[in-house]
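Letters A, B, ... are given to chains in the order of the sequence lines, protein chains preceding strands, and every chain is numbered from 1.
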Protein chains: 2
Amino acid sequence: MPASSKPAVKRPRASGRITLQEVAEAAGVSPITVSRALRGERAVAAELVERVRQAAEQLGYVPDPAARALASSRSSHVGVLIPLLSNALFVDLLDAIQRALLPAGYQTLIGVTHYDPAEEEALLRSYLLHRPAGLIVTGFDRTPVARKLIEASGVPCVHVMETVAEAGVYSVGFSQAEAGEAMTAQLIEQGRRHIAFAAAQLDPRTLQRAEGYRRAMQRAGRAPREWLNPQRSSLALGGQLFEQILHEAPEIDAIFFNNDDLAQGALLAALRLGVHVPAEIAVAGFNDLTGSDQMLPPLSTVRTPRSAIGREAARMLMSLMRGEAVPEPRLDLGFEIVRRGSS
Amino acid sequence: MPASSKPAVKRPRASGRITLQEVAEAAGVSPITVSRALRGERAVAAELVERVRQAAEQLGYVPDPAARALASSRSSHVGVLIPLLSNALFVDLLDAIQRALLPAGYQTLIGVTHYDPAEEEALLRSYLLHRPAGLIVTGFDRTPVARKLIEASGVPCVHVMETVAEAGVYSVGFSQAEAGEAMTAQLIEQGRRHIAFAAAQLDPRTLQRAEGYRRAMQRAGRAPREWLNPQRSSLALGGQLFEQILHEAPEIDAIFFNNDDLAQGALLAALRLGVHVPAEIAVAGFNDLTGSDQMLPPLSTVRTPRSAIGREAARMLMSLMRGEAVPEPRLDLGFEIVRRGSS
DNA sequence: CTGAAAGCGCTTACAG
DNA sequence: CTGAAAGCGCTTACAG
């Protein structure tokens, strides 16, 4: 075991933390070599790598994220921007992202934008100061400034929920419009003649689903009937919309709700009002959220692959962060129509 | 505008970032003074503070978190450990925490423990490496090692959901046992004779509620009847428990569920089975989650102040992080019994 | 394949 | 109340 030939380092350090320096002394190499060996950079002799690794393990060395960030101008943080935490959809997405990123040593910084572009911009600014290693953002609807911020930062970024084919843009999701179209088409096929589309929140993805609904209706030669409410989505609002539609358009024989919470609320309202689903009116939702299969009748809906989206987005991002090429920058994970008792 | 008398700094910096140095030159003071002025440390002349502030603003200076963390061995991160993201309770808690911490310049690091002490310990280790400015953790049920880690780190820590009176321990929450007791007492008062307690997950707070239930039953001279299921809480499980209780103990005339999702599931099962609530059997829940007021009949429950808990915990933590004394280290925010149609 | 030097951008004592 | 010096613990070019 060769003793270090370096001049004695001034101990003790204030922090009480094991440093790279100490590992280097223990392994009898220079700090840079330790740094390289531990980060798995090529260009280090296998024998040295082993020696360094053992010394590090024995001393219980763990790199200091702050020092690393300062020196490399890149942290181990990944910023994740989602619209809402109160929609189970995004909770599932987040959970999958964290599950993939954490074991790889990345910390997740969760930012909730409340569907507000200004809030998103502010969060982005704040995150970018921390020189994140990567970014995951929801959809493509943001201010030009926010777009510029992302681009100018050079930080790898993956977009989730929607996809787009554009050079240099990475996205994992599914076609919201096609999903809206498919559910509508199925209701038509099942013999429904007057199908309404009801939505809240009216975010971009909601409007894409509406677009799909319209396409299906037009193809079938039917006039679309839409109830679009800008309020927050909720069970209570679903019940209100249900009553409103019944009242304003008694001929409607099916309602396609933009989110399961609305549809669940409608189902409960139907029970309260004594309206029979699906005999008198069919109800369909979107996302297949918790409880939809427990409703009375169980809710027909569109199952969306948010866990897979989270996992794949995290994987794609990790490739980008390692500087690897991503062969498939646009990943469409599809969706599934789940027919249950309500339609 | 006094020109700097310092030797020319080697420009250009790689990062393209405005530094403290540059602000110092612009303001004609030393970097340390800028640092002090911007952090609002006393002991800087008011006139200089103003001059520095203006220079900083004009240059668009923002401190580098990594450099700051390295130099001060304290980051601007606050680690928040919660059991689950899929329980709306914790989402509300988180939202309130973020809302309080973000404007103050703290970044939230959210760790999901899945009720697993080993996972919590691992997260804690990982967070502590980042030298967080503060920590918010759920309850008091953790491994001795985890406890030691927190204590030894010296990082300010606030416990949420439960409270305890112990020197040096900070907590914001309410008495889970009293809440359980109060709801049970109310059911007894309303004339229910055979009250069951049904729970899932069986985390410490659940067991405390059970304890409260037992106390109320014993005080009324009734034998407690408990259905404790270790599975994850869900609507579906609530339905199952409901059927099971009906089957195993037909004399039961009220069920107190440990969480609203179980109770909601029970209500739906009752509808399905044609069991009349509350005439045949009363149902009560806990937490007053989304949708409980929309049920058929609307669910009686215990409203818990998780948003207030999040907000107050964040405030308490900020005091601690600033090194201020906290006069009230134990904050009991109470609860509220909400009687609706189901009991 | 390995290392000596410099530097990332701040803050912490220590003086005065 | 202000500053010069040193250092936090890494990594980035630059040599060899």
Whether [X] side chain and [Y] backbone form a donor-acceptor pair below 3.5 Å:
| X | Y | result |
| --- | --- | --- |
| B:Thr108 | B:Ile110 | no |
| A:Glu22 | A:Thr19 | yes |
| A:Arg147 | A:Arg142 | yes |
| B:Tyr127 | B:Gly111 | yes |

- Message: Measuring from the side chain of A:Thr19 (C-beta onward, heavy atoms only), which nucleotide among D:dT11, D:dG9, C:dT12 has the closest atom?
- Response: D:dG9

- Message: I want to verify a distance call: between C:dT12, D:dC1, C:dG3, whose nearest atom is closest to the B:Ala45 side chain?
- Response: D:dC1

Distance in angstrom units between [X] [atom1] and [N] [atom2], rounded:
| X | N | atom1 | atom2 | result |
| --- | --- | --- | --- | --- |
| B:Arg68 | C:dC8 | CZ | P | 18 Å |
| B:Leu70 | D:dC10 | CG | C1' | 8 Å |
| B:Ile18 | C:dC10 | CD1 | P | 10 Å |
| B:Glu25 | D:dG3 | CD | C1' | 15 Å |
| A:Ile32 | D:dG9 | CD1 | P | 17 Å |
| A:Leu38 | D:dT11 | CG | C1' | 13 Å |
| B:Leu48 | D:dC1 | CG | C1' | 9 Å |
| B:Arg74 | C:dT12 | CZ | P | 11 Å |

Would you say [X] places a side-chain N or O within less than 4.0 Å of OP1 or OP2 belonging to [N]?
| X | N | value |
| --- | --- | --- |
| B:Ser35 | C:dT11 | yes |
| B:Ser30 | D:dG3 | yes |
| B:Thr33 | D:dG3 | yes |

Could you pull out every donor-acceptor pair under 3.5 Å between side chains of residues 151-160 of chain B and any protein atom, sequence neighbours left out?
| residue | atom | partner | partner atom | Å |
| --- | --- | --- | --- | --- |
| B:Ser153 | OG | B:Ile150 | O | 2.6 |
| B:Ser153 | OG | B:Val155 | N | 3.1 |
| B:His159 | ND1 | B:Tyr170 | O | 2.9 |

- Would you write out the dot-bracket form of DNA chain D, 5' to 3', with Watson-Crick and G-U pairs under 3.5 Å, [ ] for crossing pairs, | for pairs to other strands and . for unpaired bases? |||.||||||||.|||

- Indicate, with a heavy-atom threshold strictly under 4.0 Å, whether B:Arg36 touches base, sugar-phosphate, or nothing. base

- Taking only Lys NZ, Arg NE, NH1 and NH2, and the carboxylate oxygens of Asp or Glu, determine whether B:Glu57 and B:Arg53 approach each other closer than 4.0 Å. no

- A:Ala67 or B:Val44, whichever maps to the more 5' nucleotide of DNA chain D: B:Val44

- Message: Does any part of the side chain of B:Glu312, heavy atoms only, come nearer than 4.5 Å to the side chain of B:Glu328, both counted from C-beta?
- Response: no

